[in-house]
Amino acid sequence: DAGVIQSPRHEVTEMGQEVTLRCKPISGHDYLFWYRQTMMRGLELLIYFNNNVPIDDSGMPEDRFSAKMPNASFSTLKIQPSEPRDSAVYFCASSLNSGYNQPQHFGDGTRLSIL
Amino acid sequence: AQSVAQPEDQVNVAEGNPLTVKCTYSVSGNPYLFWYVQYPNRGLQFLLKYITGDNLVKGSYGFEAEFNKSQTSFHLKKPSALVSDSALYFCAVRDQAGGSYIPTFGRGTSLIVHP
């Protein structure tokens, strides 16, 4: 089975530009998570969805960040406008809805650099 | 509330020696505990989990973890380290009594195995 697929793997753009990160979860998984990883702050949960519905977006840093899940096989994380402090590795993860004992399956991330 | 601590930022071990990566947790009820590994430029990969039952859990790549309820610990171990085990290791916890589906991750421990 294919794992969680993220695109692009690397993104370099200038401050003020719009950035869109994409994620395809594992087929059949009901939960989808967006994380951000930095050296300073470690792994931070930004938002998660259950059955395509956003459940908790309290980790989204600002209104510049938005996430959607239009269907069970696709999600986007958008930053508009982008700022240098948004530079980080962004991970998408998915898991099964069969109890709290299910692990998360992570994609390989998008390394975002805002100049 | 749930929390997890990885007291060591870095662990150094010689190839062939046993390794231990420490994790302690705090939950209101009983824990679900997870270990993940992250190789450079990759996402987190699930290694093993504790749900209930035997205190010694075996996982991928020869790793195992020991659950100790009295010490609220879940240390990751391997009898003989390989250079290829060098990576970042994360412990995570979910509280079985909690209402949130979200696990709490530790800050990670960098394992360096020297030839």
Side-chain angles (χ1 to χ4, degrees), chain A residues 1-10 21 23-26 29-51 53-59 88-112, chain B residues 2-10 23 25 27-53 57 59-60 63 65 67 74 76 87-110:
Chain A
D1 284 341
V4 175
I5 300 173
Q6 292 187 246
S7 64
R9 288 297 315 277
H10 303 274
L21 311 181
C23 174
K24 177 179 169 58
I26 293 173
H29 281 194
D30 302 278
Y31 281 83
L32 184 138
F33 308 82
W34 282 100
Y35 288 90
R36 177 170 69 175
Q37 186 179 38
T38 62
M39 290 291 291
M40 290 294 294
R41 300 173 70 93
L43 195 65
E44 302 174 273
L45 177 68
L46 301 177
I47 185 171
Y48 80 97
F49 296 81
N50 179 214
N51 291 322
V53 177
I55 303 300
D56 185 349
D57 65 355
S58 60
V89 182
Y90 290 81
F91 289 104
C92 176
S94 67
S95 67
L96 283 168
N97 180 17
S98 54
Y100 287 37
N101 61 13
Q102 294 301 312
Q104 293 173 306
H105 298 262
F106 285 76
D108 283 336
T110 295
R111 184 173 295 275
L112 178 63
Chain B
Q2 61 189 33
S3 65
V4 64
Q6 294 182 242
E8 301 157 317
D9 290 337
Q10 184 171 304
C23 172
Y25 67 90
V27 293
S28 301
N30 290 314
Y32 291 127
L33 292 155
F34 305 83
W35 275 104
Y36 293 82
V37 59
Q38 184 179 25
Y39 298 103
N41 300 314
R42 300 295 301 276
L44 280 68
Q45 297 177 36
F46 168 69
L47 274 179
L48 52 81
K49 65 180 178 182
Y50 171 82
I51 302 173
T52 187
V57 179
S60 306
F63 283 93
F67 172 68
F74 188 56
L76 182 69
L88 192 56
Y89 290 81
F90 290 90
C91 182
V93 66
R94 280 195 185 115
D95 190 344
Q96 295 186 30
S100 172
Y101 193 77
I102 302 304
T104 297
F105 283 84
R107 288 193 57 83
T109 297
S110 177

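It should be emphasised that the depicted structure is a prediction, and the values quoted were computed from it without experimental measurement. Throughout, protein chains are lettered first and strands after them, A, B, ... in sequence-line order, and every chain is numbered starting at 1.
Across all their heavy atoms, Gly29(B) and Asp95(B) have their closest contact at N-OD1, 3.0 Å.
Only the side chain of Arg111(A) has a heavy atom closer than 4.5 Å to any heavy atom of chain B. Proximity to chain A is absent for every atom of Tyr50(B), based on heavy atoms less than 4.5 angstrom apart. Both the backbone and the side chain of Gln104(A) come within less than 4.5 Å of a heavy atom of chain B. Only the side chain of Arg107(B) comes within less than 4.5 Å of a heavy atom of chain A; its backbone N, CA, C and O stay farther away. When heavy atoms are compared at a cutoff of 4.5 Å, Leu48(B) does not approach chain A at all. Within the 4.5 angstrom heavy-atom criterion, only side-chain atoms of Gln38(B), from C-beta onward, approach chain A.
For Arg42(B), the CZ atom counts as loosely surrounded, since its 6.0 Å shell holds 12 or fewer non-hydrogen atoms of other residues, nucleotides or ligands. No more than 12 heavy atoms of other residues, nucleotides or ligands sit less than 6.0 Å from atom NZ of Lys24(A).
Evaluated for a ring pair (Phe, Tyr, Trp, His ring centres under 6.0 Å) with Tyr89(B), the options Phe34(B), Tyr36(B), Phe46(B), Phe63(B) yield exactly one hit, Phe63(B). The ring pair (Phe, Tyr, Trp, His ring centres under 6.0 Å) test with Tyr35(A) singles out one residue from Tyr90(A), Phe91(A), Phe106(A), and that residue is Phe106(A). Of the residues Val4(B), Val93(B), Leu44(B), the one that meets the side-chain contact (heavy atoms from CB on, under 4.5 Å) test with Phe105(B) is Leu44(B).
Comparing Asp108(A), Val89(A), Asn50(A) by heavy-atom pairs within less than 4.5 Å of chain B, the highest count is held by Asp108(A). No other option in Gly108(B), Ala92(B), Pro103(B) has as many heavy-atom pairs under 4.5 Å with chain A as Pro103(B).
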